[in-house]
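Working notes for the structure below.
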Number of protein chains: 2
Amino acid sequence: MMPATERPDEPAAQGPAGTQTLIRGLRVLEVMAVQNRPIGVGELSRLIDLPKSTVQRLLRTLGQEGWAEMSSDPTTRWRLSPRLLALARTGAPWKTLREAAILHLAALGARTGETIHFSVLDRDVQMVLIDRVDSIHPVRTFNAIGASTPLHTSASGKAVLAMLPLDEVERILARPLEKVMPNTSTDPRHLMHQVLEAKERGYAVNISENRPHVCAVGAAVAGPGGRPVAAVTISMPDVRFEPARVPEWGAWVRDTARAITDTFTD
Amino acid sequence: MMPATERPDEPAAQGPAGTQTLIRGLRVLEVMAVQNRPIGVGELSRLIDLPKSTVQRLLRTLGQEGWAEMSSDPTTRWRLSPRLLALARTGAPWKTLREAAILHLAALGARTGETIHFSVLDRDVQMVLIDRVDSIHPVRTFNAIGASTPLHTSASGKAVLAMLPLDEVERILARPLEKVMPNTSTDPRHLMHQVLEAKERGYAVNISENRPHVCAVGAAVAGPGGRPVAAVTISMPDVRFEPARVPEWGAWVRDTARAITDTFTD
DNA sequence: GCACACCGTCTCACTGAATGACACGGAGTC
DNA sequence: GACTCCGTGTCATTCAGTGAGACGGTGTGC
């Protein structure tokens with residue numbers, strides 16, 4: 001877990017912003033999210049390197065506005081409000097996207113019997129899981145709504161890359177690439193090769209590159225502008241991942257993504 | 001949809017807060033969430049009744065910090081970033097709560113074959129769905145992660161009420177109660193009766209009071225302090241809702257909630 | 001029993017960050 | 001070509017935000 005205090009990249013590209021209170025408040029929310037446990041004023045103030053009184057003022061406001069909750073067990077502890085989830089869910093253009101997708105996802109789930117994931121692209125940086133249809137198998141993969149993955153470690157991410165202009169892909173793969181699993185490729189050339197392959201076939205594959213024993217086949221959904229905005233993936237434990245069936249799964253997932261694109265852009 | 005401009009209740013109970021920038025920024029996020037569509041600076045500024053330049057400054061900051069996204073199709077439009085969902089998910093004490101619950105939920109899903117919902121209590125106001133195990137039936141109920149319901153219209157909400165001190169229940173039921181469905185009860189006395197019944201039996205029932213044709217049986221999960229923090233419900237279409245089986249389902253869901261409470265508070 | 005460290009809370013004089021009226025250039029309309 | 005509404009940017013003014021510090025309570029070690 002990266003400490004929130006060091007921000008070597010920040011001072012640059014600041015510009016004449018002029019909303020430090022807001023920035024600080026959001027930072028408090030972020031740290032609470034990352035820390036992921038009830039946390040006190042003092043600790044929080046140390047984590048973001050701000051005076052206690054300032055942090056407390058921010059916390060009180062966040063509480064008043066319903067973004068954070070206070071619990072005074074023995075001492076006062078703060079945490080994010082579940083309301084955040086409710087807000088994140090109602091509020092987003094991907095609401096319509098999900099509505100366009102849901103029936104197709106259910107159909108793909110019925111056809112494959114495997115867990116179906118539907119993720120959206122977040123700022124060209126990561127994929128965020130927004131919907132899921134469970135597998136019928138007793139042994140199945142589990143991933144939580146809201147879970148995020150880098151682009152280079154997931155079938156959804158690689159499917160999205162395969163739909164982006166090549167120069168953008170190069171720029172993205174030139175960034176530092178995290179090695180999440182032993183099986184994760186962090187070689188830009190190797191990844192570019194995979195992306196080109198995915199572009200040709202219309203689907204991307206992930207073999208335990210993101211989470212242990214989890215394999216997936218995915219295809220991207222395009223928005224009105226033709227740029228990728230989301231991805232559908234079939235996710236399964238490696239015990240059921242038969243390489244021979246990949247082309248079949250690939251075709252299904254590609255067709256599903258295509259159908260969602262059509263429903264969505266209409 | 002309530003217009004964000006009129007806030008008759010706000011001026012009171014303000015106190016010497018002292019973070020209007022943060023409040024305004026959060027308000028912008030909220031309005032974007034509620035509006036739920038790409039939206040421009042001007043319209044936003046009219047909705048929250050703030051000068052255009054102020055709103056723009058806030059938006060830029062929200063964008064820089066990764067909470068909002070800008071798309072310049074023809075003109076500039078803003079929307080929430082998917083990152084919000086990722087933040088909401090990682091960040092919360094209910095992460096551990098869900099971890100404690102997931103196995104029990106899967107077991108209950110396997111036993112019943114119905115959709116299992118797991119919701120947390122949000123500020124004594126609403127229940128927010130944080131996890132779901134899908135039914136195996138072709139005809140099943142659908143509800144999105146992050147969906148919220150009032151306490152008096154859902155099995156989860158009534159189960160939670162049944163675990164609260166009676167005076168608090170009275171206070172909550174004294175608030176204006178929305179009639180979401182024809183079947184929704186908005187009579188405090190009737191609801192209190194239901195709550196007492198649920199308290200006695202250990203589970204609560206909802207018969208199409210929240211969404212059409214959706215019935216549910218639910219029980220509450222207690223936190224370390226003994227107060228209710230979440231609820232498990234078995235959710236199904238009314239065609240499969242056999243009143244005769246309710247006690248059986250009730251016992252299962254009650255035992256599951258109990259098991260989660262034990263796992264969680266250990 | 002005492003000293004000490006650390007907790008969360010609250011005050012208040014100071015000041016610089018936030019403010020918002022206004023100007024600007026461009027797109028669409030009549 | 002006159003008008004309106006859009007998003008963007010500027011800058012003098014000032015009030016909202018700041019943070020050092022005081023305070024009371026709690027737990028620990030001596």
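From a predicted model like this one, the values you see are computed outputs, not experimental measurements. So that the names make sense, note that chain A is the first sequence line, chain B the second, and so on, each numbered from 1. Quick note: numbers below take in every heavy atom, side chains included, and nothing from hydrogens, waters or symmetry partners.
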Please list, one pair per line, the donor and acceptor atoms closer than 3.5 Å that link side chains of residues 121-131 of chain B to other protein atoms, with sequence neighbours excluded.
{"unit_1": "B/D122", "atom_1": "OD1", "unit_2": "A/S81", "atom_2": "OG", "d": "3.1"}
{"unit_1": "B/D122", "atom_1": "OD2", "unit_2": "A/R83", "atom_2": "N", "d": "3.4"}
{"unit_1": "B/D122", "atom_1": "OD2", "unit_2": "B/Q126", "atom_2": "NE2", "d": "2.9"}
{"unit_1": "B/Q126", "atom_1": "OE1", "unit_2": "B/S148", "atom_2": "OG", "d": "3.4"}

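- Under 4.0 angstrom from either OP1 or OP2 of C/dT19 there lies at least one side-chain N or O belonging to B/R24.
- By the 4.5 Å heavy-atom criterion applied to side chains, B/V41 and B/L59 are counted as neighbours.
- Separating the CG atom of B/L58 from the C1' atom of C/dG20 is a distance of 12 Å, rounded to the nearest angstrom.
- Each of A/M70 and A/L22 was matched to the nucleotide of DNA chain C holding its nearest heavy atom; the match closer to the 5' end belongs to A/M70.
- Under the 3.5 Å distance criterion, the side-chain polar atoms of A/T261 are matched with a main-chain donor or acceptor of A/A257.
- Rounded to the nearest 0.5 angstrom, B/I116 CD1 and B/R132 CZ are separated by 12.0 Å.
- Between the CG atom of B/L59 and the P atom of C/dA18 there is a distance of 15 Å, rounded to whole Å.
- Distance from the side chain of B/T75 is smallest for D/dG7 among the nucleotides D/dG9, C/dT19, D/dG7.
- Remark: A/Q56 is in phosphate contact with C/dT9, judged by side-chain N or O atoms under 4.0 Å from OP1 or OP2.
- One axis for each end of the helix from C/dG1-D/dC30 to C/dC30-D/dG1, each built from five base pairs, and the angle between them comes to 30° at 10° resolution.
- Regarding contacts with the backbone of C/dA18, every side-chain N or O of B/R60 stays at 4.0 angstrom or more from both OP1 and OP2.
- Atom CG of A/L44 is separated from atom C1' of C/dC6 by 16 Å (rounded to the nearest Å).
- The distance from atom NZ of A/K52 to atom C1' of C/dC7 is 6 Å, rounded to the nearest whole Å.
- If you measure from atom CD of A/E43 to atom C1' of C/dC6, you get 13 Å, rounded to the nearest angstrom.
- Contact annotation: A/R57 side-chain N/O to D/dT18 OP1/OP2 distance is under 4.0 Å.
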Evaluation steps, salt bridge (charged side-chain N to carboxylate O under 4.0 Å, His left out), between B/E170 and B/R175: CA-CA 9 Å; B/E170 270 179 354; B/R175 302 198 282 236; over 6 Å; no
Just do the side-chain contact (heavy atoms from CB on, under 4.5 Å) check on A/I39 and A/R79 with the steps written out, would you? CA-CA 7 Å; A/I39 192 170; A/R79 50 187 167 134; over 6 Å; no
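- A sub-4.0 Å separation between OP1 or OP2 of C/dT19 and a side-chain N or O of B/Q20 is present.
- Side-chain atoms of B/T21 lie closest to D/dA16 of the nucleotides D/dT8, D/dA16, C/dG8.
- The line from CD of B/E30 to CG of B/L80 is 10.5 Å long, rounded to the nearest 0.5 Å.
- Taking atom CG on B/L50 and atom C1' on C/dA18, their separation rounds to 11 Å, with Å as the unit.
- Within 4.0 Å (heavy atoms only), B/S53 reaches at least one base atom of the nucleic acid.
- Of the side-chain N and O atoms in B/T54, one or more sit less than 4.0 angstrom from OP1 or OP2 of C/dG20.
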